[in-house]
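Comments concern the structure below.
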Amino acid sequence: MNFNLLNPQQLRAARHREGPMLVLAGAGTGKTTVITYRIGHLISCGVDPGAILAVTFTNKAAREMKTRITAVVKGLGEDAMFVGTFHGFGCRMLRANMSVLGYSSRFGIADEGDQADVIKQVMGDLGLDPTGEFGVQYYLRGIRHANNTLQSEEDIREAGRYRGNDGLPEILAGYREKLRLLNLVDYDDLLLIPVSIWTNYPEIMQRYRDTYQYILVDEYQDTNLVQARMISMLAGDRKNVCVVGDDDQAIYGWRGADVKNILNFESTYDGAAIVKLEQNYRSTNAILAAANHVIAHNGHRHSKALWSENGTGEPLSIMRVDREVEEARLVLNLIQHFRAVDHINYDDVVVLYRSNFQSRIFEQVFSERRLPHRIVGSKAFYERREIKDAVAYLRIVVNPHDDLAFLRIVNVPARGVGRSSVDTLLMFKSETGRPLVSMAADEHVVNALSAKAAAGLRDLSRVYSDVRRQFGTPGNLAETIRDYFDRVGYYTGLRRLYRDPQELQSRFDNLGEFVNSAALFEERVGGRATLFDFLESYSLTDDSERVTRQGSEDDSGVALMTIHNSKGMEFDIVFVVGMETDLFPHKRSIAECSLDEERRLFYVALTRAKRRVIMTYSRTRAVRGSRQHRVPSCFMDELPEEWKAFQSAADIMTPAGQDDVRAACALMRERLAADNAAP
């Protein structure tokens, strides 16, 4: 290892050995380098690699970390230590220990659609109306909140004395029990259940403490209560916990992350060493000065002052248009200009927006002008009907208890198993408690159905039995999946369902891409690839890896994404569009008089840029079918005067444009002050 590559602060963090340490790593300051070298240093000091646990939040970050560790520590085997996500670690722990709770180790991971189906079933059992005031989504949010805050049914019931009883404790209890019977866990359970097992089975807890003696956590500002508890329990009295993060980039409070975990680290881990990384290796000083100035408006934070040796750079540009379609055309024209003049690549450019719906007009304009682009974080592909069907067919193979998957595919394609046949199967299930897939192979059950339904189920059961044997042997994964879909008649069913050739081809292309993902997985892990491992990898895929490409057959193209999805990325040129009050900052944050997280989100947007930041806003925008006048974002007024320039595509914006921003932001501040003063 060449420690000469590190600056003094990085070196101090990398060579820290025992006890807790907080590394405050500003944007672009080389935190992954610090983690990599610290792991290398520990191993060089004689620490067994298997005693080191490194966790982060995305598969992409984990892969990058693992690649860099193996480059620094020569001869380190790929599986010598655990480097992965919190959920990946939790999943591994549960595979080894889930039997203590009555689960099979081959449990499945329920997606959001499965969760909604289970909640709907529980509501039916309790006689509740899923279309009433308290619907499925209400309870889904309540369950997530309970999971993220480690609340039991009794905790919620106690709180209900003050809020009024909405039935959530009963829904939560029924929901968890149904998942157990289906041998399913949800995404939150991958963290929640390990904490529960460690709490109730101290011998298992001690075994993990003895194994993992050095813990490194990346992006610690994004942890929630469960994750912080998980790390604290695992560390035990040793407290060999090194966390790396930046409270100024804490942008996931809406999904349960608690910035107090990083702000209170010193009080949680008494005597913790504190190291600040402030030298930025990504951006120009103009961008960093602007970002530092903006984030200083937040009160509760660790102070940091980012600086760079990358030169001064260009001031940040602010551009105004009259309508949102003009905003998209302006961005497109500037991208083409930079490509022609500066010879940039399309994939060096990103368009960032606060909310997903803002991408539509850019997709439309870019497609019309054939500008290659890619939508990062899009779930559209994974939510398409044929992909969900494909996944359900595979889930039932690895988890025969997964009745949700069986019900999805039992009549897809149509095989005569209609509503009455399904009701009969469910009746037998209620009497026997057996999984539906096993009853589909039971002649006593099948004979109670119509002749057509019975024939359809016999065919399905025969194929199912055959492919279970085929999938039992590692190798030829993609080929076996393709053969399975063919044998159950899925491809033929699509041909009957979609008469339009273009639509049919699109569905086939999507299925082909899904099978390709299995082939790529097989290529990545070699001959050890199993269907079980592939489905687990698929279930743990995070949004940042979900990319829909338009106008390009490879990875190139201008990136379109929300600011949330951009964290951890960098681009030469960053467009931040829709810089308008009620859009960014979001109207919900304004209503709650809490702009700190929105400001941190703006800070993240600015610090993605290496060379240039261009912000745009529109004087009018279509909102719910009507055109409304817009107020520029107050965040633009918080930028230092010397590092921002009001411009049009042709040249500098008129002084009146500057006055427009300042006056609107003054009005915005008055609104916030009035709201805060209201009783």
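Bear in mind the structure is a predicted one, so any value in this text is a computation, not a measurement.
N97 and R92 share no side-chain donor-acceptor pair at under 3.5 Å. Between the side chains of Q227 and Y220, no donor N or O sits under 3.5 Å from an acceptor N or O. Checking N510 against R384 by side-chain atom types alone, a donor-acceptor pair falls below 3.5 Å. Using modelled atom types and a 3.5 Å distance limit, the side chains of T58 and R63 yield no donor-acceptor pair. Side chains of Y464 and D459: no donor on one and acceptor on the other come within 3.5 Å. Between D509 and S506, the side chains place no donor N or O within less than 3.5 Å of an acceptor N or O (distance only, hydrogens not considered). R360 and Q364 are linked by a side-chain donor-acceptor pair at a separation below 3.5 angstrom, with hydrogens and angles left out of the test.
Classification of R419 and D423 as a salt-bridged pair holds, one side-chain N sitting under 4.0 Å from a carboxylate O. Looking at E570 and K610, a side-chain N of the basic residue comes within less than 4.0 Å of a carboxylate O on the acidic one, giving a salt bridge. Remark: R144 does not engage D188 in a salt bridge, criterion side-chain N to carboxylate O under 4.0 Å. Using a cut-off of 4.0 Å between Lys/Arg side-chain N and Asp/Glu carboxylate O, E64 and K60 are scored as not salt-bridged.
In this structure, R95 forms a cation-pi arrangement with F107, its terminal cationic atom sitting closer than 6.0 Å to the ring centre and no more than 45° off the ring axis. Cation-pi geometry between R180 and Y103 is not satisfied (NZ or CZ under 6.0 Å from the ring centre, within 45° of the ring normal). Figure legend: R434 and F428 shown without cation-pi pairing, the cationic atom not lying both under 6.0 angstrom from the six-membered ring centre and within 45 degrees of its axis.
For S355 (side chain) and F357 (main-chain N/O), no donor-acceptor pair under 3.5 Å exists by modelled atom type. A donor-acceptor distance shorter than 3.5 angstrom exists from the side chain of N399 to the backbone of L182, with no hydrogens or angles considered. Between the side chain of R395 and the main chain of G108, no donor-acceptor pair closer than 3.5 Å is present. In this structure, D222 contributes its side chain and Y252 its backbone to no donor-acceptor pair below 3.5 Å. Distance alone, capped at 3.5 Å, is enough to place a donor-acceptor pair between the S430 side chain and the M427 backbone. Judged by distance alone, with hydrogens and angles left aside, the side-chain atoms of D186 form no donor-acceptor pair with the main-chain N or O of I109 at under 3.5 Å. Looking only at distances, a side-chain donor or acceptor of D114 sits under 3.5 Å from a matching main-chain atom of D111. Counting only distance, with no hydrogens or angles, the side chain of E522 and the backbone of L477 share a donor-acceptor pair below 3.5 Å. In terms of modelled atom types and a separation under 3.5 Å, the side chain of S539 and the main chain of L535 share a donor-acceptor contact. T562 places a side-chain N or O within 3.5 Å of a backbone atom of N565 that can act as its donor or acceptor partner.
With respect to L184, the side-chain contact (heavy atoms from CB on, under 4.5 Å) criterion is satisfied by exactly one of D403, L179, D189: L179.
Summarising the geometry, atom CE belonging to M561 is positioned 6.5 Å from atom CG belonging to L352; distances are rounded to the nearest 0.5 Å. For the atom pair CD (E536) and CG (L190), the distance works out to 8.5 Å, reported to the nearest 0.5 Å.
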Legend entry - Stepwise side-chain hydrogen bond (donor to acceptor under 3.5 Å, both in side chains) test for D483 and T480: CA-CA 5 Å; D483 179 61; T480 306; over 6 Å; no

Legend entry - ring-ring contact (aromatic ring centres under 6.0 Å, His included) between Y393 and F406, intermediate numbers included: CA-CA 8 Å; Y393 266 113; F406 179 83; 9.8 Å; no

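A parallel orientation is assigned to the rings of Y187 and H87, their planes being inclined by less than 30° (bins at 30° and 60°). Using bins of under 30°, 30° to 60° and over 60° for the plane-to-plane angle, the ring pair F534/Y538 lands in the tilted bin.
Annotation for K429: atom NZ counts as buried by contact number, over 12 foreign heavy atoms lying within 6.0 Å. Other residues, nucleotides and ligands place no more than 12 heavy atoms under 6.0 Å from the CZ atom of R369.
Side-chain atoms of I193 and I197, non-hydrogen and from C-beta on, do get closer than 4.5 Å to each other. Residues L436 and L426 have side chains in contact (heavy-atom distance under 4.5 Å, counting atoms from C-beta outward).
For D348, the side chain to side chain contact (heavy atoms under 4.5 Å, CB included) test picks out N345, D572, with sequence neighbours left out.
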Side-chain donor-acceptor pairs of residues 487-499 under 3.5 Å, sequence neighbours excluded:
| from | atom 1 | to | atom 2 | distance (Å) |
| --- | --- | --- | --- | --- |
| R487 | NH1 | Q470 | OE1 | 3.3 |
| R487 | NH2 | D466 | OD2 | 2.8 |
| Y490 | OH | D389 | OD2 | 2.8 |

